[in-house]
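The next block holds one structure in the form of structure tokens; read it before the comments.
Here the structure is a predicted model, which is why all the values come from computation and not from measurement. In listed order, ligands and their atoms are each counted from 1. Both backbone and side-chain heavy atoms feed into the values below; hydrogens, waters and symmetry mates do not.
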Amino acid sequence: MIIDKRILLVVTGGIAAYKTPELVRQLTKAGARVRVILTKGGAQFVTPMTLEALTQDTVYQDLFSLTDENSMGHIELSRDADLVIVAPATADIMAKMAAGMADDLATTALLATDKPVIIAPAMNVRMWEHPATRDNLKTLISRDITIIGPDEGDMACGEYGMGRMSAPEEIVETAVRFFSASGRLSGKRAIVTSGPTHEAIDPVRYIANHSSGKQGHAIASALAAQGCEVTLVSGPTNQSNPAGVHVVPVRTAREMLAACVASLPADIAVCAAAVADWRVSDEASQKMKKDGKSLAPLELCENPDILKTLGNSGTQRPGLLVGFAAETENIIDNARVKLSTKNCDWVLANDVSSDAGTFGGEHNTIHLVQQDDVEDWPRLTKDAVAEKLASRIADTLEETS
Ligand code: CTP
């Protein structure tokens, strides 16, 4: 659970309101309990029923509705939240917030709140650039309101420019950062690799492995939940992007290495990817055709070792470097060899023989191998392994700082 908090989402009347069901879905997925205030304008673009289905709660719309006031009044709505997000924030709501108006449920709740507020402006580029909006923006910033976006791009009105609401992922990322600012790893940067890599044979075929990316993605999530700024370099997986994490999608081992090196320096690196050890030396530029004969063996060459490269990157070496050792026999001995040849600080050794069910499964049994110590962890879910690892990392960085 990344955001175990209550968020009040105020949806105002801009076309970008169509993105709010996705925003609610992502916030909820990250663990937040979301309540929605929908303005009259907002309800022109997204239905209360959609938002009610996603929040499994009433969508609050009317300041004077007895039903709404009975279940939760405007003061209670803002008091009950840990964070208020206004998305999309129109020029109108920004003006009303700046002026301290309270003429509907949204503005009243916003005036009544003493909780932190994030706004995601969305409007036509000329409205955004208008001196009135600039002044309102300055006023809101001076009141410690966090502004996210707007982004540049094509707009619904057919124009191009600044004014698009930031993507739901970015708004969620800001909320996660906000809550984890006091986390034990806040101010630290981490790189996590995850998933398999795909090494092309020809334009339609590739070499890969069974890695699902579950463990690596869970580690990225757990580090972010502790306030760490995480870059997740991920091979092709079906995992959804963890909230609050910067994801760099890659396909091959060489792309993964380049993305990791580009993300240095880092305080922490966790290499959880099942990188393909080999690639085809000479990838065919056209689809290979069968011709009734057997195919000559493919010539393979070794891929770069990402963990080893990071371990030997001199002054750029991450402060705490963690590798995995996927083994089917002599687990601890093989992990020790990897620890020293790849120059890492910890190796998390795990049994990946087919009867252990690690690849693609929900559980992992880890042995944390250091130069002169082995810690045996019980069989845990991959999420629990990730949380234990993030706490262990936080303990170690606190001890050494
Ligand atoms: N690793 C890597 N780059 C590679 C190969 C492995 O970064 N080209 C990392 C993995 O992410 C893991 C560790 O090295 O953290 C060990 O990976 P593993 O597959 O267990 O071992 P290999 O080094 O590939 O050795 P072998 O397959 O011979 O056991």
Side-chain angles (χ1 to χ4, degrees), residues 190-200 206-220 223 230-237 239 248 250-264 266 268-281 300-313 316-318 320-354 356 358-360 364-371 374 377 382 385-386 389-390 392-393:
I191 300 169
V192 178
T193 69
S194 183
T197 61
H198 287 182
E199 310 295 334
Y206 56 83
I207 300 173
N209 58 60
H210 293 301
S211 169
S212 63
K214 262 186 205 149
Q215 188 63 83
H217 279 57
I219 291 168
L223 290 170
V230 182
T231 300
L232 172 64
V233 183
S234 175
T237 75
Q239 306 295 319
V248 183
V250 294
R251 199 168 55 88
T252 66
R254 285 178 295 172
E255 287 171 12
M256 188 172 272
L257 175 63
C260 287
V261 170
S263 306
L264 290 171
I268 304 150
V270 181
C271 290
V275 183
D277 289 320
W278 298 279
R279 67 175 183 276
V280 176
S281 308
L300 302 177
C301 61
E302 255 184 49
N303 261 330
D305 190 310
I306 296 153
L307 179 60
K308 194 170 175 179
T309 308
L310 294 178
N312 293 299
S313 49
Q316 291 279 81
R317 182 191 186 276
L320 183 65
L321 183 57
V322 183
F324 273 76
E327 304 296 343
T328 54
E329 56 182 355
N330 302 327
I331 295 177
I332 307 296
D333 288 347
N334 284 334
R336 278 231 166 82
V337 171
K338 286 176 186 167
L339 187 75
S340 62
T341 55
K342 303 194 185 203
N343 193 29
C344 41
D345 301 293
W346 301 347
V347 164
L348 304 188
N350 56 356
D351 184 353
V352 292
S353 47
S354 51
T358 308
F359 266 142
N364 214 343
T365 307
I366 294 288
H367 311 274
L368 194 164
V369 180
Q370 300 180 62
Q371 210 45 262
V374 178
W377 293 2
K382 290 182 177 176
V385 165
L389 177 64
R392 253 336 231 95
I393 289 175

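- The shortest side-chain heavy-atom distance between Val385 and Asn350 does not fall under the 4.5 Å cut-off.
- Shortest non-hydrogen contact noted between Glu199 and Ala276 is CG-CB, 3.5 Å.
- Scored by the ring pair (Phe, Tyr, Trp, His ring centres under 6.0 Å) test, His367 finds no partners at all (sequence neighbours excluded).
- Judged as a salt bridge (charged side-chain N to carboxylate O under 4.0 Å, His left out), the pairs with a partner in residues 209-218 (not counting sequence neighbours) are, in order, Lys214-Glu362.
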Just list the side-chain donor-acceptor pairs under 3.5 Å for residues 332-340, sequence neighbours left out, or say none.
residue: Asn334; atom: ND2; partner: Glu327; partner atom: OE1; Å: 3.3
residue: Asn334; atom: ND2; partner: Glu329; partner atom: O; Å: 2.9
residue: Asn334; atom: ND2; partner: Asn330; partner atom: O; Å: 3.3
residue: Arg336; atom: NE; partner: Gln371; partner atom: O; Å: 3.3
residue: Lys338; atom: NZ; partner: Glu327; partner atom: OE2; Å: 2.4
residue: Ser340; atom: OG; partner: Val337; partner atom: O; Å: 3.3

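- Every protein residue with a heavy atom nearer than 4.0 Å to ligand 1 is included here: Cys271, Ala273, Val275, Asp277, Pro304, Asp305, Ile306, Leu307, Gly323, Phe324, Ala325, Ala326, Lys338, Lys342.
- For the pair Arg392 and Trp346, the cation-pi test (distance below 6.0 Å, angle within 45°) is passed.
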